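Taking it in order: structure first as structure tokens, then the write-up.
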Amino acid sequence: MSKKKAFKAESKRLLEMMINSIYTHKEIFIRELISNASDAMDKLYFKSLNENLGLNRSDFEIRITPDKEKKTLTIADNGIGMTEEELENNLGVIAQSGSLKFKEDMKSEENAEKSDEVSVIGQFGVGFYSAFMAAKKVTVKSKAYGADTAYMWSSEGVDGYTVEECEKDGCGTEITLYMKDNTDDEDYEEFLQEYKIKSLIKKYSDYIRYPIKMQTTHRHPKEDAPEDAPEEEKYEEHTADETLNSMIPIWKKNRSELKDEDYNSFYREKFYDYTEPLAHIHSKTEGSATYSALLFIPKKAPFDYYSKEFEKGLQLYSNGVLIMDKCGDLLPDHFSFVKGLVDSEDLSLNISREMLQHDRQLKVIAKSLERTIKNELKKMLNNEREKYEEFWKAFGLQIKFGIYNGYGMNKELLQDLLLFTSSKDKKPVTLEEYVTGMKEGQDCIYYASGESAERIDALPVVESVKDKGYEILYLTDNVDEFCIQMMADYSDKKFKSVQGGDLDLETEEEKKEIKEKNEDSKELCNAIKEALGDKVAAVRLTNKLKSHPVCITSDGALSVEMEKVLNSMPTEQKAKADKALEINPDHPIFDKLQFLFDNDREMLSTYADLLYTQAMLIEGMSIEDPVAFSEELSKVLAK
Ligand code: ADP
């Protein structure tokens with residue numbers, strides 16, 4: 001007898017949870033074990049293709065054997081199998097995808113209620129250990145492909161496990177569950193009943209592409225039974241192998257056969273997401289590329305979505321066989337949130353990653369998927385606005401990055417998916433909606449940028465533009481203004497920042513009037529400019545302010561907001577907007593400035609600084625030198 005070994009700490013914790021689980025759908029262990037078996041056969045088949053081992057798809061099968069007397073359930077596959085070391089590593093430690101993800105999530109649930117445990121088990125692929133929800137002891141006999149010796153892993157739970165040599169014909173894995181004893185609440189023996197097993201396979205594993213076989217018993221009327229024979233003697237029982245699953249992957253089925261629930265549960269199991277997807281796209285395309293795609297738009301962005309760690313991609317199948325788990329080339333960055341799979345007959349099976357990158361077929365498919373996703377999103381926007389806004393909250397940023405990063409190349413594709421909060425109802429609107437609602441004679445799309453809609457709303461310039469009856473788009477994400485500038489226009493209407501210097505909203509008369517005022521106050525403005533030094537590029541009077549004394553605008557393409565964004569990034573070179581301090585000549589402060597210009601130049605300089613800082617604060621910028629600012633403020637207050 002080999003020595004008992006301890007489980008690694010995390011494994012032990014997961015195992016404990018499985019053993020003591022109060023989860024009501026313990027039946028999912030069947031799904032988990034069958035999915036592992038199917039993966040193991042995929043692996044061997046794939047290896048065979050690459051190394052010309054000469055195996056056929058039809059050589060593989062999963063066999064389920066219930067034994068009511070011994071109260072065991074055995075699930076066997078003839079897949080790739082495990083070596084002694086692999087048995088140790090794979091089953092003694094939580095190593096792989098599903099279980100690992102599960103563990104990560106458990107970390108945050110550490111102190112949570114049991115009910116959370118339930119939801120976690122319910123949604124995730126929890127892997128091999130789920131066997132312990134229904135079994136008190138589990139043995140795994142396995143022989144790796146090409147190996148001579150088989151090994152048996154065996155465990156009765158958290159105490160540990162053993163691995164020893166054993167006898168086994170052929171490669172593959174045979175898992176035997178010694179079912180727990182029935183309790184008042186739980187019927188574990190039910191899992192040994194034919195009807196139960198059949199219904200579970202249909203429910204969870206119908207699309208597994210290898211046959212899941214079981215010996216089933218059927219009663220037939222005896223042909224030669226005498227008429228008057230007792231009822232039970234009129235029948236005879238036959239046992240025969242039956243394939244329990246239809247083997248058709250869900251994406252190969254007809255849409256009409258499938259319900260939302262089928263798609264949703266497939267998504268949750270396959271992509272380890274708690275939440276149902278926001279939408280699914282199931283398409284079959286023939287033409288320049290023939291493929292089926294099953295795509296999902298998640299409800300929420302994964303925690304690492306906006307980080308470097310996130311890896312985009314779709315599963316790639318060639319005629320039902322998985323050839324790549326995350327094919328990044330199938331998804332453009334702006335749609336990297338999409339999950340799902342593509343199955344194409346046109347792709348060669350033993351194709352390497354490098355070759356795939358140059359595959360023409362793959363490029364055709366990727367282009368076609370991009371259109372499909374865009375159309376689906378547009379449809380959602382038109383028909384299910386609320387849902388779309390939910391989508392936008394989660395992934396809108398990515399679409400905007402898409403326009404910016406593509407140097408405008410993706411403008412046509414993505415511009416109609418954009419939403420910005422509008423000054424009108426403080427609700428998100430599309431650009432099309434904005435343009436449709438434009439005032440007669442309006443030829444620009446006005447926007448303002450800042451930290452939040454509230455902050456923007458309080459901007460001095462916004463007030464006057466709104467007063468003129470123009471709608472303003474509020475840009476509150478860092479990338480927004482970069483995206484808008486990259487687009488330059490929409491539907492032949494130029495974008496125009498209300499925070500820019502030249503708003504051009506005045507009548508000819510007003511223009512003339514302010515021009516004259518500027519000429520009259522030229523010296524005053526020059527003196528203020530001098531006092532501010534290179535903080536501003538210009539100082540001038542404006543007629544766009546109503547209640548505020550001053551505001552900051554920017555004359556070039558780089559806005560004050562963009563300057564802030566750029567300077568928050570870790571680059572050596574500092575960005576600098578061409579700022580202008582604009583003064584409201586109708587404000588009492590203007591008279592005061594005039595007075596100081598004539599009588600107290602030092603105080604004029606202090607005023608200039610204070611007004612500049614105040615205008616910058618309103619723009620959402622921080623005070624460069626708080627000490628100097630307070631000193632100046634005190635000086636004015638003490639006067
Ligand atoms: P996951 O399937 O999420 O990776 P599991 O806990 O279910 O996690 O399984 C752990 C590992 O054990 C698998 O990744 C696989 O390498 C191995 N394994 C499990 N079942 C089998 C099997 N039937 N045949 C071969 N290897 C298996």
Side-chain angles (χ1 to χ4, degrees), residues 7-8 10-19 21 28-48 55 59-65 73-106 120-121 123-135 138-147 150-155 157-158 161 163 166 168-177 204-205 208-213 268-273 315 322 325-326:
F7 285 101
K8 287 265 157 36
E10 316 83 318
S11 309
K12 198 168 155 185
R13 182 166 151 57
L14 181 57
L15 200 54
E16 252 164 9
M17 248 189 55
M18 290 300 157
I19 293 166
S21 172
I28 57 144
F29 74 89
I30 290 204
R31 170 191 79 190
E32 299 295 312
L33 298 180
I34 284 183
S35 144
N36 281 349
S38 165
D39 288 349
M41 298 193 291
D42 271 347
K43 282 179 198 162
L44 183 51
Y45 182 52
F46 193 41
K47 185 181 166 74
S48 165
L55 297 170
D59 294 337
F60 295 102
E61 67 170 46
I62 297 169
R63 179 161 292 276
I64 302 191
T65 318
L73 181 67
T74 300
I75 298 174
D77 66 66
N78 52 354
I80 197 148
M82 284 177 273
T83 61
E84 182 180 12
E85 208 184 351
E86 282 166 343
L87 275 170
E88 290 254 0
N89 290 340
N90 295 341
L91 308 183
V93 185
I94 302 176
Q96 307 296 322
S97 51
S99 317
L100 188 69
K101 173 109 177 63
F102 173 81
K103 193 197 85 191
E104 303 255 295
D105 269 71
M106 282 318 293
V120 172
I121 297 177
Q123 314 292 355
F124 269 129
V126 287
F128 168 75
Y129 287 154
S130 63
F132 286 94
M133 284 201 287
V138 179
T139 62
V140 182
K141 284 185 181 178
S142 197
K143 193 179 201 175
Y145 180 81
Y151 291 90
M152 182 169 81
W153 180 97
S154 167
S155 170
V158 281
Y161 62 89
V163 178
C166 71
K168 184 185 178 320
D169 295 333
C171 71
T173 303
E174 192 181 298
I175 300 185
T176 301
L177 286 79
Y204 292 116
S205 310
I208 293 288
R209 290 179 315 276
Y210 302 98
I212 303 170
K213 291 187 179 170
R268 286 198 311 244
E269 280 163 31
K270 189 122 189 146
F271 299 105
Y272 307 117
D273 196 347
Q315 283 197 330
L322 182 70
D325 202 35
K326 263 207 176 139

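Every heavy atom of this structure was used, including side-chain atoms; hydrogens, water molecules and symmetry mates were not. As the structure is a computational prediction, the values presented were derived from the model and not from experiment. Sequence positions, counted from 1, serve as the residue numbers for this chain. Numbering of ligands and ligand atoms starts at 1, following listing order.
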Next on the checklist: Assess the residue pair Asp42 and Tyr210 against the criterion (side chain to side chain contact (heavy atoms under 4.5 Å, CB included)); give the C-alpha distance rounded to whole Å, side-chain angles, the decisive distance to 0.1 Å, and a yes or no.
Outcome noted: CA-CA 9 Å; Asp42 271 347; Tyr210 302 98; 2.7 Å; yes
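The shortest heavy-atom contact between Ile175 and Val138 is CG2-CG1, 3.9 Å. Ile62 and Ser38 make their closest contact through CD1-N, 4.1 Å (heavy atoms, listed as atom of the first residue, atom of the second, distance).
Residue Asn36 has at least one nitrogen or oxygen atom sitting less than 3.5 Å from a nitrogen or oxygen atom of ligand 1, judged on distance alone. The shortest N/O to N/O separation between Phe128 and ligand 1 falls below 3.5 Å.
Residues Leu91 and Tyr161 form no side-chain contact, since every pair of their non-hydrogen atoms from C-beta on lies 4.5 Å or further apart. With a 4.5 Å cut-off on side-chain heavy atoms, Leu73 and Phe29 count as touching.
Under the 4.0 angstrom criterion for non-hydrogen atoms, Lys43 is in contact with ligand 1. Judged by the shortest distance from any of its heavy atoms, Glu32 lies outside the 4.0 Å radius around the atoms of ligand 1.
Residue contact check: Met82 has heavy atoms under 4.0 Å from atoms 17 (C), 18 (N), 21 (C), 25 (C), 26 (N), 27 (C) of ligand 1.
Under the side-chain contact (heavy atoms from CB on, under 4.5 Å) rule, Val140 has a single partner from Thr176, Ile75, Leu33, Leu87, which is Leu87.
If you look at Asp77 next to ligand 1, the close heavy atoms, those under 4.0 Å, all belong to the side chain. With a 4.0 Å heavy-atom cut-off, ligand 1 is reached by the backbone of Asn90 and by its side chain too.
Across the listed options Leu87, Thr173, Ile175, Thr173 owns the non-hydrogen atom lying nearest to atom 22 (C) of ligand 1.
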